[in-house]
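Single-structure report; data block below.
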Amino acid sequence: MLDPKLIRETPDLVRAAIAKKHLKVDLDSVLGADAAWRAHLQEVEHLRSVQKAANAAMATLPKGSPEFVAKLSEMKAVSSQIKEKDAGLKAAEEACREAMLTLPNLPHASVPEGATPEQNVVYSTHGDLVSVSPHAVAHWDIPGFARLYDFERGSKVTGAGFPFFIGDGARLVRSLINFFLDEDAKAGYREVSPPIFINAASATATGQLPDKEGQMYETTPDRLFAVPTAEVPLTNFFRDEILDEASLPVLRCAYTPCFRREAGSYGKDVRGLNRLHQFDKVELLKWVHPSRSYEELDALRNDVEGLLRKLEIPYRVLLMCGGDLGFAQSKKYDLEVWAGGQKRWLEVSSCSNFEAFQARRAQIRFRSKESGKTELVHTLNGSGLAVPRVLAAILENNLESDGRVRIPEALVPYFGKPHLSFAG
RNA sequence: GGAGAGGUGGCAGAGUGGUCGAAUGCGCCUGACUCGAAAUCAGGUGUGCCGCAAGGUACCGGGGGUUCGAAUCCCUCCCUCUCCGCCA
């Protein structure tokens with residue numbers, strides 16, 4: 001949610017910023033709903049002040065006195081009037097809130113112009129693409145792949161996109177999760193193991209609801225949602241709380257499985273491990289002072305890049321253009337690993353600054369020593385990292401002539417041996 | 001799942017229909033005293049929203065109701081605690 005004052009006072013600025021995201025938003029109807037709500041509010045509050053004054057007077061009058069009786073009948077009329085207008089006020093308030101929720105976050109000035117993913121800016125590229133994978137093939141074409149990554153049985157048991165990970169395949173998943181958590185902890189992120197179901201209020205605070213309902217798995221009859229990312233429970237950890245300014249920045253990391261319905265995906269994007277309905281991910285989250293959020297974004301991206309460097313995976317960083325920014329982000333970097341067999345880049349992390357957008361929805365604030373008032377924090381998050389695509393890149397890039405996969409040195413202590421074998 | 005108790009400000013804890021946004025204590029902030037501190041004394045100390053402002057208004061777990069008037073009465077939902085049952 002945006003600052004209502006900003007919308008009222010500088011609508012043209014908001015309009016221009018939204019245009020940079022190439023989104024169509026009816027700002028005028030938002031402004032209209034806001035004005036209607038304020039008019040209703042003033043009307044009702046005036047009536048209430050009349051009522052309050054009369055009630056204070058009645059409290060001192062003898063119960064049966066003529067003055068009391070006169071006030072009583074007078075206030076009966078006011079009371080029913082308030083009741084009537086209050087219904088209108090609630091409707092106007094709801095309409096206003098709904099309208100406000102349709103407004104996306106504004107992009108930062110440093111976000112490049114552009115409408116499509118092709119216009120994202122390649123911010124940096126790391127590693128050797130050519131010589132890194134002399135034997136690479138797409139991971140699903142590796143002989144024996146199906147023995148360790150069983151999609152058919154996954155389909156039988158649950159559905160497409162829910163594979164079994166078996167033997168060394170499962171072990172590599174676990175190694176990556178542990179490696180990520182340990183590295184993230186070293187970088188200062190405190191580990192959290194959150195609930196993997198969230199309620200509607202939490203999903204609304206982070207922006208999954210009301211629009212992206214169809215992307216989540218929902219349970220009945222409790223109306224809980226399987227987490228699409230640990231970002232949701234993690235961000236909501238401090239919902240409706242006022243933090244101590246001295247505690248900022250707060251850094252947290254969490255591993256969870258992530259569940260995404262991914263309605264409408266098809267083709268090469270979804271082959272093999274590229275896109276699953278359930279996958280493992282470690283998420284990084286920061287609650288920071290507003291004055292420092294862009295420095296913190298750079299630091300976050302650096303932390304994630306460090307993981308890829310240690311795993312010796314070639315990667316590149318994209319700076320997302322306005323049109324490819326998400327609804328809630330002010331600025332976003334995507335990190336993509338090179339999958340040498342598929343010869344394509346796979347997104348393994350998005351590092352985003354949400355500024356106060358999520359914090360306003362979630363009411364996460366701190367008390368400023370300087371002003372003495374409460375202010376909204378800025379929230380940032382990034383994957384550190386998504387497991388299956390990292391795993392795919394390792395399988396493809398590190399495939400050796402004997403059909404085994406070389407485990408990156410940093411991962412060997414976790415995996416327990418230097419090679420993964422598809423034989424067993 | 002069953003039975004009971006309870007949800008009030010940063011914390012503890014009063015308040016059971018009327019000038020209650022809410023006593024009191026603790027904590028915290030400011031000032032006085034002090035070389036400084038402690039102790040003591042005085043004052044202050046919740047969060048929003050509307051309004052240029054003056055000011056107004058809302059919030060006692062959430063929602064609804066009764067009433068001229070609700071922290072207080074009624075309904076409903078949620079949560080916490082204790083006991084029992086079940087269970088990884």
Side-chain angles (χ1 to χ4, degrees), chain A residues 1-11 30-101 193-205 209 219-225 233 236-248 257 356 358-377:
Chain A
M1 207 153 76
L2 295 172
D3 184 352
K5 288 200 180 76
L6 188 74
I7 301 167
R8 275 174 217 146
E9 286 162 19
T10 53
V30 177
L31 287 166
D34 180 55
W37 167 68
R38 282 188 291 163
H40 270 88
L41 183 68
Q42 283 173 25
E43 197 176 8
V44 169
E45 289 198 342
H46 174 253
L47 284 172
R48 284 226 179 92
S49 72
V50 170
Q51 187 186 48
K52 264 183 89 162
N55 282 330
M58 283 172 79
T60 62
L61 291 172
K63 280 278 157 56
S65 67
E67 297 96 319
F68 187 93
V69 173
K71 281 271 186 208
L72 189 104
S73 65
E74 191 186 325
M75 283 306 108
K76 275 192 181 177
V78 172
S79 179
S80 68
Q81 207 181 345
I82 288 176
K83 208 160 276 184
E84 195 181 307
K85 303 258 184 196
D86 199 44
L89 173 63
K90 280 206 174 131
E93 189 176 3
E94 185 54 31
C96 183
R97 181 179 159 77
E98 268 172 33
M100 291 280 185
L101 285 176
S193 180
I196 62 169
F197 288 95
I198 46 151
N199 58 30
S202 295
T204 304
L209 295 179
T219 65
T220 47
D222 299 306
R223 195 167 154 78
L224 295 175
F225 300 88
N236 278 282
F237 185 87
F238 291 121
R239 176 148 54 88
D240 297 324
E241 293 191 28
I242 297 171
L243 307 179
D244 183 355
E245 186 175 20
S247 71
L248 300 178
Q358 288 181 329
R360 183 171 291 105
R361 286 189 176 204
Q363 284 298 298
I364 305 169
R365 295 166 292 172
F366 68 96
R367 189 175 308 281
S368 166
K369 257 226 157 64
E370 205 181 327
S371 68
K373 298 195 167 166
T374 57
E375 284 181 48
L376 295 162
V377 300

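Chain naming here is simple, since letters A, B, ... match the order of the sequence lines and numbering starts at 1 in each.
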With rounding to whole Å, what would you report as the distance between B:rC20 and B:rG15 at their C1' atoms? 9 Å

Distance, C1' atom - from B:rU76 to B:rG9, rounded to whole angstrom: 27 Å

Once you apply the 3.5 Å cut-off to both distances, tell me the Watson-Crick or G-U wobble partner of B:rA12, or none. B:rU24

Heavy-atom nearest nucleotide on RNA chain B for A:Thr60 versus A:Arg48: which residue maps closer to 5'? A:Thr60

For the pair made of CG in A:Leu47 and C1' in B:rA58, what is the distance, rounded to whole Å? 15 Å

When both hydrogen-bonding distances must be under 3.5 Å and the geometry is Watson-Crick or G-U wobble, what is B:rC60 paired with, if anything? none

So what does A:Ser79 hit on the nucleic acid, given a heavy-atom distance under 4.0 Å: a base, only sugar-phosphate, or nothing? sugar-phosphate

Under 4.0 Å between any heavy atoms, over every strand shown, what does A:Lys71 touch: base, sugar-phosphate, or nothing? Just pick one. nothing

Could you tell me which nucleotide pairs with B:rG6 by Watson-Crick or G-U wobble geometry, both distances under 3.5 Å, or answer none if nothing does? B:rC79

Hey, does the side chain of A:Ser202 reach the backbone of A:Pro233 with a donor-acceptor pair shorter than 3.5 angstrom? no

If pairing requires Watson-Crick or G-U wobble contacts with both distances under 3.5 Å, which nucleotide is the partner of B:rA42? B:rU30

In whole angstrom, give me the gap between the P atoms of B:rA71 and B:rG18. 11 Å

Just the rounded figure in Å: distance from P of B:rC68 to CD of A:Gln81. 15 Å

Nearest-Å distance once atom C1' is located in both B:rC52 and B:rU45: 29 Å

Need one value for A:Glu74: base, sugar-phosphate or nothing, where a base atom within 4.0 Å counts as base even if backbone is also close, heavy atoms only. nothing

If I take atom CD in residue A:Gln42 and atom P in nucleotide B:rA54, what distance separates them, rounded to the nearest angstrom? 15 Å

Tell me if the CZ atom of A:Phe237 is crowded by more than 12 foreign heavy atoms within 6.0 Å. no

Does A:Thr10 reach the main-chain N or O of A:Leu6 with its side chain, forming a donor-acceptor pair under 3.5 Å? yes

Whole-Å C1' distance, B:rG65 and B:rA70: 11 Å

Using a 4.0 Å heavy-atom cut-off across all strands, classify A:Leu41 as base, sugar-phosphate, or nothing. sugar-phosphate

Considering only atom C1', compute the distance from B:rC11 to B:rG27 and round it to an integer number of Å. 7 Å

